[in-house]
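Here's the structure, in structure tokens; my notes come after.
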Amino acid sequence: MTAMVKSEGVHKSYGAVEVLKGIDLEVAEGEVFCLIGPSGSGKSTFLRCINHLEKINAGRLSVDGELVGYRQKGDKLYELKDSEVALKRRDIGMVFQRFNLFPHMTALENVMEAPIQVKGESKAVVRERAQKLLDRVGLADKARSYPSQLSGGQQQRVAIARALAMEPKLMLFDEPTSALDPELVGDVLDVMRGLAEDGMTMIVVTHEMGFAREVGDSLVFMDGGVVVESGHPRDVLTNPQHDRTKSFLSKVL
């Protein structure tokens, strides 16, 4: 079976600062893959490399068997044009810490925008799908509300519906609950739990260890731009093998 995401020796630097120092990992189709680690460990950067928001400096990264951002000819890699990258990015949904909704559009319009503009789908078809997605994230009654009229948790659920509207094969979550008030976190995690049950392939950068333990299939602890430890979430969280993992978990659990 082809891995949905395969990372082989991925490096990423900003000038002299090496943020990713050779990341090797695989995410199977239908897997919920959780990334944990301290701030600055490279988790979010790695996520952004997967959909080519950041270009890697070395190594290979592929999604569903196709290289991200490059085409291979012989032994050489050639960078794809921006338009080609955008075409591939349509298959990858991304949900950020900040919701990035269009403030002048209703929840429904936010969810409808990309399939109409990017895929050229008909408004009627997209509207029906958008209504269903808002219902799925528990916001059917907020379709006509503007972002300023919604709580942070509601905005984040609209952002998830918006990503799903493109019918992606892979969803990336970059600390989706870290900007939320504690009592709003549960609703967002419930939506993500539902996606996992439906078999969506998900890579989740998170501080929510309970979610990782319950919903995750694999867990990777990153620090200093490398994978320090990986395994089944329950094993890593209850019986970490590496001192650095133990130290980190003693502060967050």
Just how far is it from atom [atom1] of [X] to atom [atom2] of [Y], taken to the nearest 0.5 Å?
X: L87; Y: K81; atom1: CG; atom2: NZ; answer: 11.5 Å
X: T177; Y: H207; atom1: OG1; atom2: NE2; answer: 8.0 Å
X: Q155; Y: S145; atom1: CD; atom2: OG; answer: 10.5 Å
X: R162; Y: L108; atom1: CZ; atom2: CG; answer: 13.5 Å
X: M209; Y: I36; atom1: CE; atom2: CD1; answer: 4.5 Å
X: R213; Y: D235; atom1: CZ; atom2: CG; answer: 11.5 Å

Do [Y] and [X] meet the salt-bridge criterion of a basic N to acidic O distance under 4.0 Å?
X: E121; Y: R129; answer: yes
X: R90; Y: E167; answer: no
X: K55; Y: E79; answer: yes
X: E197; Y: R193; answer: no
X: K43; Y: D223; answer: no

Are any side-chain N or O atoms of [X] and backbone N or O atoms of [Y], one a donor and one an acceptor, separated by less than 3.5 Å?
X: K21; Y: G224; result: yes
X: K119; Y: M166; result: yes
X: Q97; Y: D174; result: no
X: S151; Y: Q154; result: yes
X: S247; Y: D243; result: no
X: D24; Y: G9; result: yes
X: S122; Y: V125; result: yes

Going through the distances and angles, do R136 and D198 end up as a salt bridge (charged side-chain N to carboxylate O under 4.0 Å, His left out)?
-> CA-CA 12 Å; R136 184 176 181 180; D198 291 345; 2.6 Å; yes

Please indicate whether N239 has more than 12 foreign heavy atoms, meaning atoms of other residues, nucleotides or ligands, lying under 6.0 Å from its CG.
-> yes

Nearest atoms (heavy-atom pairs only) where [X] meets [Y]:
X: V215; Y: A196; result: CG1-CB, 3.5 Å
X: K123; Y: M112; result: O-CE, 3.9 Å
X: G42; Y: L20; result: O-CD2, 3.3 Å
X: M171; Y: V95; result: CE-CG2, 4.0 Å
X: D217; Y: G30; result: OD2-O, 4.0 Å
X: F173; Y: L47; result: O-CD2, 3.4 Å

Going by the ring-ring contact (aromatic ring centres under 6.0 Å, His included) test, which pairs reach into residues 67-112, not counting sequence neighbours?
-> H52-Y70

Going by distance alone, is a donor N or O of one side chain under 3.5 Å from an acceptor N or O of the other, for E229 and T245?
-> yes

Would S250 and K246 count as having a side-chain donor-acceptor pair, cut-off 3.5 Å?
-> no

Group every Ile, Leu, Val, Met, Phe, Trp and Tyr by side-chain heavy-atom contacts under 4.5 Å, then state whether [X] and [Y] land in the same group.
X: M222; Y: L53; result: yes
X: L249; Y: V205; result: no
X: I203; Y: I56; result: yes
X: M94; Y: L164; result: no
X: L101; Y: V111; result: yes

Residues S7, E26; criterion side chain to side chain donor-acceptor pair (under 3.5 Å); working and verdict | CA-CA 6 Å; S7 175; E26 278 192 29; over 6 Å; no

Side chain to side chain contact (heavy atoms under 4.5 Å, CB included) partner of V63, chosen from D91, V68, T201 | V68

Are [X] and [Y] side-chain neighbours, meaning at least one heavy-atom pair lies under 4.5 Å?
X: E8; Y: I23; result: no
X: R157; Y: D187; result: yes
X: K6; Y: L25; result: no
X: V227; Y: F221; result: no
X: V236; Y: Q241; result: no
X: E175; Y: S39; result: no
X: V5; Y: D64; result: no
X: L61; Y: L67; result: no

Step by step, work out the side-chain contact (heavy atoms from CB on, under 4.5 Å) result for E31 and S218.
-> CA-CA 8 Å; E31 188 173 12; S218 300; 2.2 Å; yes

Please test E128 against K132 for salt bridge (charged side-chain N to carboxylate O under 4.0 Å, His left out), starting from the C-alpha separation and ending with a verdict.
-> CA-CA 6 Å; E128 190 179 340; K132 282 182 182 157; 3.5 Å; yes

Is it the case that K12 places NZ or CZ above or below the six-membered ring of Y14, under 6.0 angstrom from the centre and within 45 degrees of the axis?
-> yes

List the steps and the verdict of side-chain contact (heavy atoms from CB on, under 4.5 Å) for R60 and L77.
-> CA-CA 9 Å; R60 297 164 66 90; L77 293 182; 4.1 Å; yes

Test salt bridge (charged side-chain N to carboxylate O under 4.0 Å, His left out) on E84 and R71 and set out the steps.
-> CA-CA 10 Å; E84 294 173 291; R71 133 174 4 88; 2.8 Å; yes

Could you please spell out the steps behind the side chain to side chain donor-acceptor pair (under 3.5 Å) verdict for Y146 and E109?
-> CA-CA 9 Å; Y146 288 90; E109 288 165 345; 4.9 Å; no

Residues E29, K169; criterion salt bridge (charged side-chain N to carboxylate O under 4.0 Å, His left out); working and verdict | CA-CA 9 Å; E29 188 175 344; K169 56 176 87 159; over 6 Å; no

Worked verdict on L189 versus E208 for side-chain contact (heavy atoms from CB on, under 4.5 Å) | CA-CA 9 Å; L189 293 180; E208 302 290 340; 4.1 Å; yes

